[in-house]
Amino acid sequence: MAVAKNVRDLQGAVSLNLDLRSSPQSTKNLQNKDSGFLDVNSSESTDLDKTKGITGFQTLVHVLKGNMGTGILGLPLAVKNAGILMGPLSLLVMGFIACHCMHILVRCARRFCHRLNKPFMDYGDTVMHGLEASPSIWLQTHAHWGRHIVSFFLIITQLGFCCVYIVFLAENLKQVVEAVNSTTNNCYNNETVIPMPTMDSRLYMLSFLPVLVLLVFIRNLRILTIFSMLANISMLASLIIIAQYIAQEIPDPSRLPLVASWKTYPLFFGTAIFSFESIGVVLPLENKMKDASRFPAILSLGLSIVTALYTSIGTLGYLRFGDDIKASITLNLPDCWLYQSVKLLYIIGILCTYALQFYVPAEIIIPFTVSRVSKRWSLLVDLSMRFALVCLTCILAVLVPRLDLVLSLVGSVSSSALALIIPPLLEITTYYSEGMNPLTIAKDALISILGFVGFVAGTYQALDELIKPEDSLPFSNSTIFIQ
């Protein structure tokens, strides 16, 4: 999600820059109203309007930030669901395929920009024009469905991130509160223990609801960027502390299975693809670059760094904690103040990021609703819809308090479609009439089929696990306290 956005956040994410994953409508709003928002999370944000473009280094930073959400914290459990050998290899393959699909999207968007003489093409517009260019008359007449499909999956993805965030917030705060009496200053002789429960995690979720409502009532995008900057700082500090801890005292890896059961592999797929949720980054970033011709190389470099980091954190985390790994690696940290501060920092970061991720579905849903009422009621309807959507994400989080399964479900349903299924099909519809190499068609078909299989299998497995009785759930694969 992020744990599992993403944990995206974090798609999930997690994306920490809102217009990096924006819908067709919200992308246009961000370009028209806040042209400098893309870079507001970095120190160079004040210079964006002057330079009218971002540098290659700034673009690389945004590519990295667009991927770094809560999803990375759920990757150790994902590796467990695949195996200590199969997990890292699969992450490398998925990173390569995700990067390739992003390049496809960029290439198709450039094609239509050149053909239609447009300066910028967002994800939804690119899919729509791709259907218009297809040889099928039926697809041409229903091309507008492409934009609606992209918007639908963006809504599902972003609201899924928000649900993941609420579960993450509750579970980490619950562990901090329950362990506060046993927390020490000695992190070397301290071991992770199961604390005595105080109250159900669902009550912690409800306790965050008033704060989240107040945050989403902030409709000014530039004010929200202050929270985004705070989220970036807190998450970066947390990841550094986590990385140095899991790299110490790694047990003998021979006790871990090289390949896990095929039944749990779909859960790995959902969580992993949730973490590679940055397909919405590419087109807004390319549009804002001074020299767009350098973007493909920068995108490849950024995804290579992200894939290497994901593989390292996922592998080391599983090696360090083995079968005891939990849905978020933060839940495995010792009960000393240094590592409790990691949880608190991530709580602050995710709390701030919630409003940013919420902005995307709000920009799709709320204008559509407000347009159907008179102007005097527009503000009330706007705030009411925001309140209702926040309550919806909180209710869903309460109903499904298993962080690992929420991550896998969101990743399987929406991330698969946006990152793996749609881009290869878009390439076929865009270039088929101009003549395509049969190997390219076969490659695109294979990627889409793999994405669809992951979509079906991951969704089925996550839903199957969710409907199981609570007392049958393994503790190491759950965020629920079991006596």
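As the structure is a computational prediction, the values presented were derived from the model and not from experiment.
- Residues satisfying the ring pair (Phe, Tyr, Trp, His ring centres under 6.0 Å) criterion with W262, sequence neighbours excluded, are absent altogether.
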Practice task
Please assess L169 against Y346 for the test side chain to side chain contact (heavy atoms under 4.5 Å, CB included), listing each intermediate value before the final yes or no.
Solution key: CA-CA 8 Å; L169 289 169; Y346 241 99; over 6 Å; no

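- In this structure A143 satisfies the side-chain contact (heavy atoms from CB on, under 4.5 Å) test together with M128, L131, E132, sequence neighbours excluded.
- For the side-chain hydrogen bond (donor to acceptor under 3.5 Å, both in side chains) test, no residue two or more places apart in sequence or in another chain qualifies with T430.
- Here the side chain of T429 pairs a donor or acceptor atom with the backbone of L426 at under 3.5 angstrom.
- In terms of heavy atoms, C101 sits closest to P423 at O-CB, 3.6 Å.
- Minimum heavy-atom separation, L173 to I347: N-CD1, 3.6 Å.
- The ring pair (Phe, Tyr, Trp, His ring centres under 6.0 Å) check on H142 picks up W138, W145, with sequence neighbours excluded.
- When side chains are defined from C-beta on, L154 does not count as touching Y123, because their heavy atoms never get closer than 4.5 Å.
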Exercise for the section: Tell me, with the steps shown, if L77 and T271 meet side chain to side chain contact (heavy atoms under 4.5 Å, CB included). Expected result: CA-CA 9 Å; L77 178 58; T271 303; over 6 Å; no

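- Scanning all heavy atoms of the two residues, the minimum distance from I273 to S415 falls at O-CB, 3.7 Å.
- Note that OG of S238 and CG of L73 are 8.5 Å apart. Values are rounded to the nearest 0.5 Å.
- Side chains of F269 and M94 form a contact here, defined as non-hydrogen atoms less than 4.5 Å apart.
- For the atom pair T440 OG1 and Y432 OH, the distance stands at 13.0 Å (nearest 0.5 Å).
- By the side-chain hydrogen bond (donor to acceptor under 3.5 Å, both in side chains) test, S300 is found to be paired with H103, residues two or more places apart in sequence or in another chain being considered.
- Between the T369 side chain and the I365 main chain, a donor and an acceptor come within less than 3.5 Å of each other.
- With contacts defined as side-chain heavy-atom distances shorter than 4.5 Å, the pair D444/L425 does not qualify.
- Note that the CG atom of L344 and the CD1 atom of I348 stand 6.5 Å from one another [nearest 0.5 Å].
- Looking at heavy atoms from C-beta onward, K174 lies out of side-chain contact with L203 at the 4.5 angstrom threshold.
- Residue pairs satisfying the salt bridge (charged side-chain N to carboxylate O under 4.0 Å, His left out) criterion with at least one member in residues 411-431, sequence neighbours excluded, are listed as follows: R107-E427, E427-K443.
- Take L399 and apply the side-chain contact (heavy atoms from CB on, under 4.5 Å) test, not counting sequence neighbours, and it matches I395.
- Taken from OG1 in T330 to CG in L345, the straight-line distance is 11.5 Å, to the nearest 0.5 Å.
- Checked against F208 for a side-chain contact (heavy atoms from CB on, under 4.5 Å), the options L351, V213, L215 give a single hit: L351.
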Practice task
For the pair S275 and L75, evaluate side chain to side chain contact (heavy atoms under 4.5 Å, CB included) and give the outcome as yes or no after the intermediate values.
Solution key: CA-CA 8 Å; S275 302; L75 288 177; 3.6 Å; yes

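- Under a 3.5 Å cut-off, the side chain of T393 and the backbone N or O of V390 do form a donor-acceptor pair.
- You'll find the side chain of F276 reaches within 4.5 Å of the side chain of Y310, heavy atoms only.
- For the atom pair CZ (F112) and CG (N117), the distance works out to 15.0 Å, reported to the nearest 0.5 Å.
- Interatomic distance, I242 CD1 to S328 OG, rounded to the nearest 0.5 Å: 7.0 Å.
- The closest side-chain heavy-atom distance from L420 to S448 is not below 4.5 Å.
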Exercise for the section: Decide yes or no on side chain to side chain contact (heavy atoms under 4.5 Å, CB included) for R147 and D122, but give the supporting numbers first. Expected result: CA-CA 10 Å; R147 179 184 307 204; D122 60 43; 5.8 Å; no

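- Looking at every heavy atom in both residues, L159 comes nearest to P361 through CD2-CG, 3.8 Å.
- Here the side chains of P119 and C113 are not in contact, with every heavy-atom distance at 4.5 Å or above.
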Which side-chain N or O atoms in residues 449-464 pair as donor and acceptor under 3.5 Å with protein atoms at least two apart or in another chain?
unit_1, atom_1, unit_2, atom_2, d
T459, OG1, F455, O, 2.6
Q461, NE2, K263, O, 3.2
Q461, NE2, E465, OE2, 3.2

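- In this structure Y265 satisfies the ring pair (Phe, Tyr, Trp, His ring centres under 6.0 Å) test together with F268, sequence neighbours excluded.
- In this structure, the side chain of E286 does not engage the main chain of L283 through any donor-acceptor pair within 3.5 Å.
- Taking both residues in full, the closest heavy atoms of G270 and S412 are given as CA-OG, 3.4 Å, listed atom of the first, atom of the second, then distance.
- With sequence neighbours excluded, no residue satisfies salt bridge (charged side-chain N to carboxylate O under 4.0 Å, His left out) with R294.
- Residues satisfying the side-chain contact (heavy atoms from CB on, under 4.5 Å) criterion with I149, sequence neighbours excluded, are F153, I422.
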Please output the side-chain donor-acceptor pairs of residues 370-377 that fall under 3.5 Å, not counting sequence neighbours, one pair per line with the distance.
unit_1, atom_1, unit_2, atom_2, d
S371, OG, P367, O, 3.3
S371, OG, F368, O, 2.8
R372, NH1, F368, O, 3.1

Practice task
Report the C-alpha distance between S136 and S134 in whole Å, list the side-chain angles of each, state the deciding distance to 0.1 Å, and finish with yes or no for side chain to side chain donor-acceptor pair (under 3.5 Å).
Solution key: CA-CA 5 Å; S136 170; S134 68; 5.2 Å; no

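- Within the 4.5 Å cutoff, side-chain heavy atoms of C108 are placed close to those of I104.
- Under the 3.5 Å distance criterion, the side-chain polar atoms of N172 are matched with a main-chain donor or acceptor of F168.
- Not one N or O on the side chain of R386 forms a donor-acceptor pair closer than 3.5 Å with the backbone of F217.
- For I366 against M385, the heavy-atom pair with the smallest separation is CG1-CB, 3.9 Å.
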